[in-house]
Amino acid sequence: MSDTIPFGKAFLVGSELDYIREAAARGHLSGDGEFTRRCSEWFVKELGCHHALLTHSCTAGLELAAIVSGVGPGDEVIMPSFTFVSTANAFVLRGAVPVFVDIRPDNLNLDESLVEAAITPRTRAIVPMHYAGVACDMDRIGAIAKQHGLLVIEDAAQALGATYKGRKLGAIGELGCLSFHDTKNVICGEGGALLFRDATFVERAEIVREKGTNRKAFFRGAVDKYSWVDIGSSYLPGEITAAFLFAQLQQADMLTQRRLALCARYQEGLADLERDGRLTLPKGHPDCRDTGHIFFVLANSAAEREGLRLHLRGLDIHAVTHYVPLHSAVAGLKYGRTPGPMPVTDRVGDTLLRLPLFHELTAAQQDRVIAAVRGFYAKA
Ligand SMILES: Cc1ncc(COP(=O)(O)O)c(C=O)c1O
């Protein structure tokens, strides 16, 4: 029996534990210490945002974004249904209604041509999610938002370093959220960041993130004592997490290049199956530079996807499905609204399968995955 090939595996770049030791030696292990500062500076410099706040997850970043956006009960937020629950939950927690719009068949992102029809007088924001780090059409989404006075809050959980027409994802909308969960290219176990395009929401976000207090202003010396000034929660990670993350951020390019090389190899190994109409592979776009975060195949039917998944499982290869579309999930039916048909979302939810992709995936392992996929279609 050959070794199991997992779907993903956390990778350490090597300096994480040194930085954690350094953080401990500094004697400041709660949030907003030296390593949090270094991470935030990295985001501003490398991504071109105005400001960045480290959070303990992308989920926390989205919740923080939802609070400062001012979205409230009965307001509506337009988003894809093919996304993670946190994209919607953050707004449902404010009493708002997620309005689910279908995705495009090429990039699996919010179909911008359907957004205007979903706008009502209650619409407050559009939340594009960049699936697999491939950018949404941010020009069109930005133009619609401007015309209707809506905020753009990017769910860039999968998109650290990815670009749209040269601009970094997460720094294009008024607010953008990143994830550093174990499965991402750059990780710290659980972690995230909220990015700001300009100064508008920064001050309130600092307060909400610090339990609704003006503690950050106090540490800056801007006030002589801090107190409860707004609603809030604890959305900041400690310095152990920040130290780990900073080590990874310093190697973000190397981590991305490795993933891109693995994706290119999958494309090459499976290209003729796509040419023969057996499956569909991810599509790039000249306007977008993605970061090889996910490599998926789209089977031609749900039954075929399940057959392929089980075939790979039988060969000790873990390939996994992705989102159960939110509009058809129990909570999505209860809290959301779906104004139009969702044929692409339903099809992609039923047929997408993600292949193993992680830094240390060897050429031999990848060849095994490619051969196993090809073997399935040779039999089918
Ligand atoms: C699109 C999207 N948004 C949000 C999240 C939540 O990220 P986190 O686990 O950092 O809270 C994920 C998680 O993978 C995601 O895929």
Side-chain angles (χ1 to χ4, degrees), residues 7-10 39 43 52-67 69 77-93 98 100-101 103-104 107-110 125-136 138 141 152-162 169-170 172-173 175-195 209 233-238 241-242 244-245 248-249 259 282 290-296 320-327 329 331-332 336 345 348-349 352 354 357-358:
F7 168 66
K9 188 165 174 270
C39 290
F43 296 128
L53 289 175
L54 217 53
T55 55
H56 55 66
S57 61
C58 181
T59 301
L62 286 160
E63 288 181 20
L64 193 46
I67 294 174
S69 72
V77 179
I78 294 172
M79 64 182 66
S81 161
F82 190 67
T83 184
F84 193 62
V85 294
S86 299
T87 320
N89 245 337
F91 296 94
V92 171
L93 284 167
F100 299 118
V101 167
I103 53 173
R104 281 169 43 160
N107 61 12
L108 315 189
N109 287 333
L110 189 68
I126 305 172
V127 185
M129 188 279 274
H130 310 291
Y131 187 68
V134 177
C136 297
M138 294 307 287
I141 290 170
V152 175
I153 302 172
E154 295 178 72
D155 184 335
Q158 304 174 5
L160 175 75
L169 301 187
I172 300 175
L175 296 161
C177 303
L178 304 173
S179 174
F180 307 111
H181 180 266
D182 248 12
T183 50
K184 302 298 183 289
N185 293 17
V186 168
I187 61 169
C188 61
E190 300 277 357
L194 176 59
L195 311 182
R209 175 172 170 269
S233 188
S234 182
Y235 289 125
L236 70 168
T241 297
F244 192 111
L245 179 61
Q248 293 252 327
L249 287 173
R259 292 255 188 170
D290 77 281
T291 54
H293 174 54
I294 290 173
F295 190 87
F296 61 82
V320 297
T321 60
H322 215 170
Y323 310 121
V324 174
L326 300 185
H327 75 281
T345 301
V348 169
L352 184 143
R354 292 176 291 163
L357 186 63
F358 51 92

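Numbering of ligands and ligand atoms starts at 1, following listing order.
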What atoms in ligand 1 come closer than 4.0 Å to a heavy atom of [X]?
X	value
Thr83	1 (C)
Met129	1 (C)
Thr59	6 (C), 8 (P), 11 (O)
Ser57	10 (O), 11 (O)
Gly191	10 (O)

Contact summary for [X] and [Y], nearest pair of heavy atoms:
X	Y	answer
Cys136	Asn109	N-ND2, 3.5 Å
Gly292	Leu357	O-CD2, 3.3 Å
Thr345	His327	CG2-CE1, 3.9 Å
His56	Leu236	CD2-N, 4.0 Å
Ala242	Leu54	CB-CD2, 3.8 Å
Gln248	Asn185	OE1-O, 4.2 Å

(message) If we set the cut-off at 4.0 Å for heavy atoms, which region of Ala157 has an atom near ligand 1: side chain, backbone, both, or neither?
(response)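 Within the 4.0 Å criterion, Ala157 contacts ligand 1 through side-chain atoms alone.
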
(request) For ligand 1, indicate whether the residue Asp155 contacts it via side chain, backbone, both or neither (heavy-atom separation under 4.0 Å). (result) side chain

To which protein heavy atom is [atom] closest, and what is the distance rounded to 0.1 Å?
atom	result
atom 13 (C) of ligand 1	Lys184 NZ, 3.4 Å
atom 7 (O) of ligand 1	Cys58 CB, 3.2 Å
atom 15 (C) of ligand 1	Phe84 CB, 3.4 Å

(request) Would you check if there is a donor-acceptor pair between the side chains of His293 and Thr291 at a distance under 3.5 Å? (result) no

Using a 3.5 Å cut-off on N or O atoms only, is [X] in polar contact with ligand 1?
X	result
His181	no
Thr183	no
Tyr323	yes
Ser179	yes

(request) Specify whether Tyr131 and Phe296 have parallel, tilted or perpendicular ring planes, treating 30° as the upper limit for parallel and 60° as the lower limit for perpendicular. (result) tilted

(request) Determine yes or no for a side-chain-to-main-chain donor-acceptor pair under 3.5 angstrom, with Glu154 supplying the side chain and Gly176 the backbone. (result) no

